[in-house]
Amino acid sequence: MTLPETMKAVRLTGHGGLDKLEWCDDVPMPQPDAGEVLIRVGASAVNNTDVNTRTGWYSKAVRGDTGSAATEGYAGASDADGGWSGALSFPRIQGADCCGEIVAVGGGVDAARIGQRVLVRPMYRPAGAGPDALVTFGSERNGGFAEYTTVGEENALRIESPLSDVELASFPCAFSTAEGMIQRAGLGDERVLITGASGGVGSAAVQLAKRRGAHVTASTSPAKMEALKTLGADAVIDRNEPYPNDAFDVVLDLVGGPRWPELLDALVPRGRYVTSGAIAGPIVELDLRTLYLKDLTLIGSTRQAPSVFTDLVSYIEAGEIKPVVAETYPLADLHAAQKAFLEKSHMGKIGVTIAD
(Lines give C-alpha, C1' and ligand atoms only; values in the text may rest on other atoms or scores of the structure.)
Protein backbone atom coordinates (compact mmCIF):
# COMPACT_ATOMS: atom_id res chain seq x y z
CA MET A 1 0.00 0.00 0.00
CA THR A 2 1.05 3.60 -0.59
CA LEU A 3 1.56 5.42 2.69
CA PRO A 4 1.00 9.16 3.14
CA GLU A 5 3.80 11.58 3.97
CA THR A 6 1.88 13.18 6.85
CA MET A 7 -0.77 12.07 9.32
CA LYS A 8 -3.34 13.36 11.78
CA ALA A 9 -2.48 13.25 15.46
CA VAL A 10 -3.03 14.96 18.80
CA ARG A 11 0.26 16.23 20.20
CA LEU A 12 0.97 17.17 23.80
CA THR A 13 3.03 20.37 23.65
CA GLY A 14 3.91 20.55 27.36
CA HIS A 15 2.61 19.87 30.85
CA GLY A 16 -0.58 21.74 31.63
CA GLY A 17 -4.27 21.93 30.82
CA LEU A 18 -6.33 20.59 27.98
CA ASP A 19 -5.05 23.43 25.80
CA LYS A 20 -1.72 21.58 25.69
CA LEU A 21 -3.38 18.88 23.54
CA GLU A 22 -3.19 20.16 19.96
CA TRP A 23 -4.94 18.59 16.97
CA CYS A 24 -2.62 18.47 13.94
CA ASP A 25 -3.22 17.19 10.41
CA ASP A 26 0.34 17.59 9.11
CA VAL A 27 2.51 15.51 11.45
CA PRO A 28 5.35 13.76 9.56
CA MET A 29 4.77 10.05 9.13
CA PRO A 30 6.85 7.97 11.56
CA GLN A 31 9.33 5.57 9.99
CA PRO A 32 10.06 2.18 11.54
CA ASP A 33 13.67 1.72 12.58
CA ALA A 34 15.41 -1.64 12.38
CA GLY A 35 13.48 -4.15 14.47
CA GLU A 36 10.32 -2.01 14.48
CA VAL A 37 6.92 -2.13 12.81
CA LEU A 38 4.70 0.68 11.52
CA ILE A 39 1.09 0.37 12.70
CA ARG A 40 -2.01 1.99 11.25
CA VAL A 41 -3.88 2.73 14.46
CA GLY A 42 -7.52 1.67 14.56
CA ALA A 43 -8.36 2.73 18.11
CA SER A 44 -6.93 3.86 21.41
CA ALA A 45 -8.49 4.78 24.77
CA VAL A 46 -8.17 7.29 27.60
CA ASN A 47 -6.31 6.28 30.77
CA ASN A 48 -5.42 8.00 34.03
CA THR A 49 -1.81 8.05 32.91
CA ASP A 50 -2.72 10.20 29.89
CA VAL A 51 -4.17 12.85 32.20
CA ASN A 52 -1.43 12.48 34.82
CA THR A 53 1.32 12.82 32.22
CA ARG A 54 -0.37 15.83 30.63
CA THR A 55 -0.61 17.64 33.96
CA GLY A 56 2.76 16.45 35.29
CA TRP A 57 1.18 14.74 38.31
CA TYR A 58 4.04 12.23 38.57
CA SER A 59 6.33 15.01 39.80
CA LYS A 60 7.47 14.86 43.42
CA ALA A 61 6.36 18.49 43.63
CA VAL A 62 2.73 17.36 43.41
CA ARG A 63 1.07 16.10 46.59
CA GLY A 64 -2.63 16.30 45.73
CA ASP A 65 -5.06 13.85 44.15
CA THR A 66 -5.09 13.29 40.40
CA GLY A 67 -8.14 15.50 39.91
CA SER A 68 -6.71 18.53 41.72
CA ALA A 69 -5.37 20.13 38.53
CA ALA A 70 -6.63 17.77 35.85
CA THR A 71 -7.95 20.53 33.61
CA GLU A 72 -5.34 23.25 34.30
CA GLY A 73 -2.06 21.55 35.23
CA TYR A 74 0.45 22.77 37.80
CA ALA A 75 1.72 25.99 36.19
CA GLY A 76 5.18 24.64 35.43
CA ALA A 77 5.87 23.28 38.92
CA SER A 78 6.28 19.73 37.60
CA ASP A 79 8.15 20.34 34.35
CA ALA A 80 11.45 18.91 35.63
CA ASP A 81 10.08 15.46 36.55
CA GLY A 82 6.48 15.24 35.36
CA GLY A 83 6.72 11.98 33.41
CA TRP A 84 6.96 8.34 34.45
CA SER A 85 10.75 8.41 34.15
CA GLY A 86 11.48 12.08 34.82
CA ALA A 87 11.38 14.98 32.39
CA LEU A 88 9.59 14.48 29.06
CA SER A 89 10.52 15.88 25.68
CA PHE A 90 7.80 17.69 23.75
CA PRO A 91 5.85 17.53 21.56
CA ARG A 92 4.74 14.04 22.52
CA ILE A 93 1.96 11.92 21.05
CA GLN A 94 0.20 10.22 23.97
CA GLY A 95 -2.08 7.18 23.99
CA ALA A 96 -0.95 4.15 26.00
CA ASP A 97 -3.53 1.90 24.30
CA CYS A 98 -3.29 0.81 20.68
CA CYS A 99 -5.06 -1.68 18.47
CA GLY A 100 -4.18 -1.56 14.80
CA GLU A 101 -2.68 -3.21 11.72
CA ILE A 102 0.96 -3.53 10.74
CA VAL A 103 1.43 -1.77 7.40
CA ALA A 104 5.23 -1.68 7.09
CA VAL A 105 8.30 -3.12 8.78
CA GLY A 106 11.82 -1.95 9.49
CA GLY A 107 15.05 -3.75 8.77
CA GLY A 108 15.32 -7.26 10.14
CA VAL A 109 11.55 -7.74 10.55
CA ASP A 110 9.78 -10.45 8.54
CA ALA A 111 7.60 -8.81 5.89
CA ALA A 112 5.00 -11.52 6.58
CA ARG A 113 3.99 -9.43 9.59
CA ILE A 114 2.45 -6.83 7.27
CA GLY A 115 -1.34 -7.12 7.55
CA GLN A 116 -1.34 -8.55 11.08
CA ARG A 117 -3.83 -7.14 13.56
CA VAL A 118 -1.95 -6.28 16.75
CA LEU A 119 -2.15 -4.97 20.28
CA VAL A 120 0.77 -2.90 21.55
CA ARG A 121 2.41 -3.77 24.88
CA PRO A 122 2.08 -0.48 26.79
CA MET A 123 5.01 -0.90 29.24
CA TYR A 124 8.26 -2.68 28.54
CA ARG A 125 12.02 -2.78 29.06
CA PRO A 126 13.78 -1.55 25.92
CA ALA A 127 16.11 -4.01 24.22
CA GLY A 128 19.64 -3.89 25.57
CA ALA A 129 18.71 -1.72 28.57
CA GLY A 130 19.20 -2.55 32.23
CA PRO A 131 16.69 -4.69 34.13
CA ASP A 132 14.93 -1.68 35.68
CA ALA A 133 14.66 0.46 32.53
CA LEU A 134 11.10 1.29 31.56
CA VAL A 135 9.41 2.71 28.48
CA THR A 136 5.72 3.55 28.50
CA PHE A 137 4.00 3.77 25.13
CA GLY A 138 2.60 7.30 24.83
CA SER A 139 5.01 8.70 27.42
CA GLU A 140 8.69 7.91 26.81
CA ARG A 141 7.85 7.28 23.15
CA ASN A 142 4.99 8.36 20.89
CA GLY A 143 1.77 6.39 21.32
CA GLY A 144 -1.65 5.73 19.89
CA PHE A 145 -3.29 9.17 19.60
CA ALA A 146 -2.34 9.28 15.92
CA GLU A 147 -3.16 7.62 12.62
CA TYR A 148 0.18 5.77 12.60
CA THR A 149 2.74 4.75 15.20
CA THR A 150 5.86 2.63 15.52
CA VAL A 151 7.05 0.16 18.12
CA GLY A 152 9.55 -2.67 18.43
CA GLU A 153 8.10 -5.74 16.74
CA GLU A 154 8.29 -7.78 19.96
CA ASN A 155 5.89 -5.29 21.55
CA ALA A 156 3.28 -5.58 18.78
CA LEU A 157 1.46 -8.81 19.57
CA ARG A 158 -0.74 -10.47 16.99
CA ILE A 159 -4.35 -10.78 18.12
CA GLU A 160 -7.06 -13.03 16.70
CA SER A 161 -10.45 -11.83 17.94
CA PRO A 162 -13.93 -10.93 16.67
CA LEU A 163 -13.92 -7.84 18.90
CA SER A 164 -13.81 -4.38 17.32
CA ASP A 165 -10.68 -2.23 17.37
CA VAL A 166 -12.09 0.04 20.06
CA GLU A 167 -13.07 -2.95 22.21
CA LEU A 168 -9.59 -4.43 21.88
CA ALA A 169 -7.98 -1.06 22.56
CA SER A 170 -9.69 -1.02 25.97
CA PHE A 171 -7.45 -3.87 27.16
CA PRO A 172 -3.72 -3.08 26.98
CA CYS A 173 -2.98 -0.44 29.63
CA ALA A 174 -5.72 -1.16 32.17
CA PHE A 175 -5.76 -4.94 31.98
CA SER A 176 -1.98 -5.36 31.91
CA THR A 177 -1.72 -3.08 34.94
CA ALA A 178 -4.34 -5.14 36.78
CA GLU A 179 -2.81 -8.46 35.73
CA GLY A 180 0.62 -7.22 36.79
CA MET A 181 -0.75 -6.39 40.25
CA ILE A 182 -2.46 -9.76 40.52
CA GLN A 183 0.62 -11.69 39.46
CA ARG A 184 2.81 -9.72 41.86
CA ALA A 185 0.40 -10.59 44.67
CA GLY A 186 0.27 -14.25 43.66
CA LEU A 187 -3.51 -14.06 44.00
CA GLY A 188 -5.35 -17.36 44.13
CA ASP A 189 -8.54 -18.67 45.71
CA GLU A 190 -8.54 -15.87 48.30
CA ARG A 191 -10.49 -12.86 49.47
CA VAL A 192 -9.49 -9.68 47.64
CA LEU A 193 -10.60 -6.07 48.02
CA ILE A 194 -10.34 -3.86 44.92
CA THR A 195 -10.53 -0.09 45.36
CA GLY A 196 -11.53 2.22 42.52
CA ALA A 197 -13.29 -0.80 41.08
CA SER A 198 -15.38 1.01 38.47
CA GLY A 199 -12.40 2.52 36.64
CA GLY A 200 -10.46 0.96 33.80
CA VAL A 201 -7.88 -0.84 35.95
CA GLY A 202 -10.34 -1.60 38.75
CA SER A 203 -12.98 -3.18 36.53
CA ALA A 204 -10.22 -5.12 34.78
CA ALA A 205 -9.00 -6.37 38.16
CA VAL A 206 -12.50 -7.58 39.03
CA GLN A 207 -12.58 -9.80 35.94
CA LEU A 208 -8.99 -10.98 36.24
CA ALA A 209 -9.29 -11.79 39.95
CA LYS A 210 -12.47 -13.80 39.33
CA ARG A 211 -10.66 -15.65 36.57
CA ARG A 212 -8.21 -16.86 39.24
CA GLY A 213 -10.98 -18.06 41.54
CA ALA A 214 -10.79 -15.21 44.06
CA HIS A 215 -13.72 -13.93 46.13
CA VAL A 216 -13.90 -10.32 44.93
CA THR A 217 -15.14 -7.36 46.96
CA ALA A 218 -15.36 -4.15 44.94
CA SER A 219 -15.26 -0.71 46.52
CA THR A 220 -17.23 1.80 44.46
CA SER A 221 -20.01 4.38 44.45
CA PRO A 222 -23.60 3.16 45.02
CA ALA A 223 -24.57 4.00 41.43
CA LYS A 224 -22.08 1.46 40.04
CA MET A 225 -22.58 -1.43 42.46
CA GLU A 226 -24.98 -3.48 40.36
CA ALA A 227 -22.85 -3.10 37.24
CA LEU A 228 -19.83 -4.45 39.13
CA LYS A 229 -21.83 -7.40 40.39
CA THR A 230 -22.80 -8.14 36.79
CA LEU A 231 -19.12 -7.95 35.88
CA GLY A 232 -18.29 -10.59 38.48
CA ALA A 233 -17.86 -8.97 41.89
CA ASP A 234 -19.08 -11.23 44.71
CA ALA A 235 -19.65 -8.30 47.06
CA VAL A 236 -19.60 -4.52 46.90
CA ILE A 237 -18.75 -1.85 49.46
CA ASP A 238 -19.76 1.79 49.35
CA ARG A 239 -16.46 3.60 48.94
CA ASN A 240 -17.49 6.10 51.63
CA GLU A 241 -18.26 3.43 54.24
CA PRO A 242 -15.71 1.83 56.62
CA TYR A 243 -13.90 -1.30 55.46
CA PRO A 244 -14.21 -4.40 57.67
CA ASN A 245 -11.10 -5.20 59.70
CA ASP A 246 -9.10 -8.39 59.12
CA ALA A 247 -11.32 -9.40 56.19
CA PHE A 248 -9.08 -9.71 53.12
CA ASP A 249 -6.02 -11.68 52.11
CA VAL A 250 -5.12 -9.17 49.38
CA VAL A 251 -5.89 -5.50 48.69
CA LEU A 252 -5.47 -4.20 45.13
CA ASP A 253 -5.42 -0.44 45.62
CA LEU A 254 -5.71 2.27 42.98
CA VAL A 255 -6.91 5.05 45.28
CA GLY A 256 -4.52 5.82 48.15
CA GLY A 257 -5.45 9.10 49.84
CA PRO A 258 -6.40 9.89 53.44
CA ARG A 259 -8.24 6.61 54.06
CA TRP A 260 -5.20 4.52 53.16
CA PRO A 261 -4.53 3.27 56.74
CA GLU A 262 -7.94 1.58 56.72
CA LEU A 263 -6.80 -0.66 53.88
CA LEU A 264 -4.02 -2.13 56.01
CA ASP A 265 -6.48 -2.65 58.86
CA ALA A 266 -8.71 -4.53 56.40
CA LEU A 267 -5.97 -7.09 55.70
CA VAL A 268 -5.60 -10.31 57.65
CA PRO A 269 -2.23 -11.10 59.29
CA ARG A 270 0.32 -11.87 56.54
CA GLY A 271 -1.93 -10.11 54.04
CA ARG A 272 -0.56 -8.48 50.86
CA TYR A 273 -1.20 -4.93 49.76
CA VAL A 274 -0.49 -3.98 46.11
CA THR A 275 -0.71 -0.50 44.62
CA SER A 276 -0.52 0.84 41.10
CA GLY A 277 -2.24 4.18 41.52
CA ALA A 278 -3.20 6.93 43.93
CA ILE A 279 -6.11 8.86 42.46
CA ALA A 280 -7.14 10.17 45.90
CA GLY A 281 -3.60 11.32 46.71
CA PRO A 282 -0.06 9.88 46.85
CA ILE A 283 0.91 11.03 50.35
CA VAL A 284 -0.39 8.63 53.02
CA GLU A 285 0.19 7.91 56.71
CA LEU A 286 1.72 4.57 57.66
CA ASP A 287 1.62 3.24 61.21
CA LEU A 288 4.63 0.93 61.25
CA ARG A 289 3.06 -1.04 64.09
CA THR A 290 0.27 -2.14 61.78
CA LEU A 291 2.85 -3.20 59.21
CA TYR A 292 5.04 -5.29 61.49
CA LEU A 293 2.53 -6.57 64.04
CA LYS A 294 0.35 -7.96 61.23
CA ASP A 295 3.35 -9.21 59.19
CA LEU A 296 2.04 -7.42 56.11
CA THR A 297 3.68 -7.23 52.69
CA LEU A 298 3.49 -3.93 50.78
CA ILE A 299 4.05 -4.15 47.01
CA GLY A 300 4.39 -1.45 44.37
CA SER A 301 3.51 -2.62 40.88
CA THR A 302 4.60 -0.95 37.65
CA ARG A 303 7.23 -3.03 35.82
CA GLN A 304 5.92 -6.21 34.24
CA ALA A 305 7.47 -9.40 32.98
CA PRO A 306 6.89 -9.76 29.20
CA SER A 307 4.67 -12.75 29.98
CA VAL A 308 2.03 -10.50 31.59
CA PHE A 309 0.97 -9.09 28.24
CA THR A 310 1.24 -12.36 26.35
CA ASP A 311 -0.92 -13.94 29.06
CA LEU A 312 -3.44 -11.13 28.60
CA VAL A 313 -3.63 -11.68 24.84
CA SER A 314 -4.30 -15.38 25.46
CA TYR A 315 -7.16 -14.53 27.85
CA ILE A 316 -8.71 -12.24 25.22
CA GLU A 317 -8.44 -14.83 22.46
CA ALA A 318 -9.97 -17.47 24.73
CA GLY A 319 -12.90 -15.19 25.57
CA GLU A 320 -12.11 -15.33 29.29
CA ILE A 321 -12.36 -11.55 29.77
CA LYS A 322 -14.55 -8.97 28.10
CA PRO A 323 -14.15 -5.29 27.21
CA VAL A 324 -15.96 -2.62 29.19
CA VAL A 325 -16.31 0.48 26.98
CA ALA A 326 -18.58 3.21 28.31
CA GLU A 327 -18.30 5.77 25.49
CA THR A 328 -16.34 6.31 22.29
CA TYR A 329 -15.02 9.55 20.79
CA PRO A 330 -13.12 10.28 17.56
CA LEU A 331 -9.51 11.38 18.01
CA ALA A 332 -10.36 14.91 16.92
CA ASP A 333 -12.61 15.16 20.00
CA LEU A 334 -9.91 14.09 22.48
CA HIS A 335 -10.58 17.16 24.63
CA ALA A 336 -14.19 16.03 25.07
CA ALA A 337 -13.09 12.44 25.71
CA GLN A 338 -10.79 13.56 28.53
CA LYS A 339 -13.48 15.80 30.00
CA ALA A 340 -15.89 12.83 30.03
CA PHE A 341 -13.18 10.69 31.61
CA LEU A 342 -12.60 13.25 34.36
CA GLU A 343 -16.29 13.31 35.30
CA LYS A 344 -15.87 9.70 36.54
CA SER A 345 -19.51 8.93 35.84
CA HIS A 346 -18.63 6.00 33.56
CA MET A 347 -17.50 2.44 34.24
CA GLY A 348 -14.59 0.92 32.37
CA LYS A 349 -12.93 2.78 29.52
CA ILE A 350 -13.49 5.78 27.26
CA GLY A 351 -12.59 4.64 23.74
CA VAL A 352 -10.92 6.75 21.04
CA THR A 353 -11.38 5.82 17.37
CA ILE A 354 -8.58 6.74 14.98
CA ALA A 355 -9.05 5.21 11.52
CA ASP A 356 -11.67 6.61 9.14
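The backbone N or O of D234 sits nowhere less than 3.5 Å from a side-chain atom of H215 that would complete a donor-acceptor pair. Proximity of a side-chain donor or acceptor of R121 to a complementary backbone N or O of P306 within less than 3.5 Å is detected. One N or O on the side chain of Q304 and one on the backbone of S176 form a donor-acceptor pair closer than 3.5 Å. Not one N or O on the side chain of R117 forms a donor-acceptor pair closer than 3.5 Å with the backbone of I159. Judged by distance alone, the side chain of S44 and the main-chain N or O of D97 form a donor-acceptor pair under 3.5 Å.
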Report task. List the steps and the verdict of side-chain contact (heavy atoms from CB on, under 4.5 Å) for Y148 and V103. Result -> CA-CA 9 Å; Y148 295 87; V103 294; 4.1 Å; yes
Requested in this report: Go through the steps for Y273 and W260 under the test ring-ring contact (aromatic ring centres under 6.0 Å, His included), then give the verdict.
Outcome: CA-CA 11 Å; Y273 166 92; W260 186 82; 5.5 Å; yes
Report task. Take R113 and E153 through the salt bridge (Lys or Arg N to Asp or Glu O under 4.0 Å) test and state the conclusion after the steps. Result -> CA-CA 9 Å; R113 295 213 63 185; E153 70 154 334; 3.4 Å; yes
Report task. Begin from the C-alpha positions of E320 and R211 and carry the test side-chain contact (heavy atoms from CB on, under 4.5 Å) through to its verdict. Result -> CA-CA 7 Å; E320 296 176 358; R211 182 190 167 276; 2.6 Å; yes
Report task. Using the side-chain contact (heavy atoms from CB on, under 4.5 Å) rule, take R303 and R184 through it: C-alpha gap first, then chi angles, then the decisive distance, then the call. Result -> CA-CA 10 Å; R303 289 161 178 81; R184 289 291 302 277; over 6 Å; no
Requested in this report: Apply side-chain contact (heavy atoms from CB on, under 4.5 Å) to the pair M123 and L134, showing each step before the final yes or no.
Outcome: CA-CA 7 Å; M123 290 175 282; L134 177 68; 4.1 Å; yes
Report task. Just do the salt bridge (Lys or Arg N to Asp or Glu O under 4.0 Å) check on K8 and D25 with the steps written out, would you? Result -> CA-CA 4 Å; K8 299 171 184 175; D25 60 7; over 6 Å; no
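Cation-pi contact between R11 and F90: absent, since separation from the ring centre below 6.0 Å together with deviation from the ring axis within 45° is not met.
Under the 4.5 Å side-chain heavy-atom criterion for ILVMFWY residues, a single connected hydrophobic cluster contains both F175 and L231. With hydrophobic clusters built from ILVMFWY side chains whose heavy atoms lie under 4.5 angstrom apart, V313 shares a cluster with I321. Cluster membership check: F248 does not share its hydrophobic cluster with V216, using side-chain heavy-atom separations under 4.5 Å among Ile, Leu, Val, Met, Phe, Trp and Tyr. Tracing side-chain contacts under 4.5 Å through hydrophobic residues (I, L, V, M, F, W, Y), one never reaches F171 starting from V166; they form parts of separate clusters.
For the residue pair N52 and T66, no side-chain donor N or O sits within less than 3.5 Å of a side-chain acceptor on the partner. Using modelled atom types and a 3.5 Å distance limit, the side chains of Q338 and R54 yield a donor-acceptor pair. With no hydrogens or angles considered, a side-chain donor-acceptor pair links R141 and T150 at under 3.5 Å. Side-chain N/O atoms of Y58 and T49 include a donor and acceptor closer than 3.5 Å. No side-chain donor from either of S170 and E167 sits under 3.5 Å from a side-chain acceptor of the other. In this model, no donor atom of one side chain and acceptor atom of the other lie less than 3.5 Å apart for Q94 and N142. Between the side chains of T195 and D253, a donor-acceptor pair is found at a separation under 3.5 Å. For the residue pair E317/Y315, the side-chain donor-acceptor check at 3.5 Å is not satisfied.
Scored by the side-chain contact (heavy atoms from CB on, under 4.5 Å) test, R239 finds S219, S221 as partners (sequence neighbours excluded). Every residue two or more places apart in sequence or in another chain that forms a side-chain contact (heavy atoms from CB on, under 4.5 Å) with D287 is listed here: R289, T290.
The NZ atom of K294 lies 6.5 Å from the CG atom of N245; values are rounded to the nearest 0.5 Å.
In this pair, F341 and H346 present their aromatic rings tilted. The plane angle is within the 30 to 60° band.
Looking at T310 and L157, their side chains come closer than 4.5 Å, going by heavy atoms from C-beta outward.
Within 6.0 Å of NZ in K210 there are more than 12 heavy atoms belonging to other residues, nucleotides or ligands.
I114 belongs to a hydrophobic cluster with V37, I39, I102, V105, V109, V118, V120, Y124, V135, F137, V151, counting contacts under 4.5 Å between side-chain heavy atoms of Ile, Leu, Val, Met, Phe, Trp and Tyr, direct or through other members.
Taking each heavy atom of V284 and G281 in turn, the nearest pair found is CG1-O, 4.3 Å.
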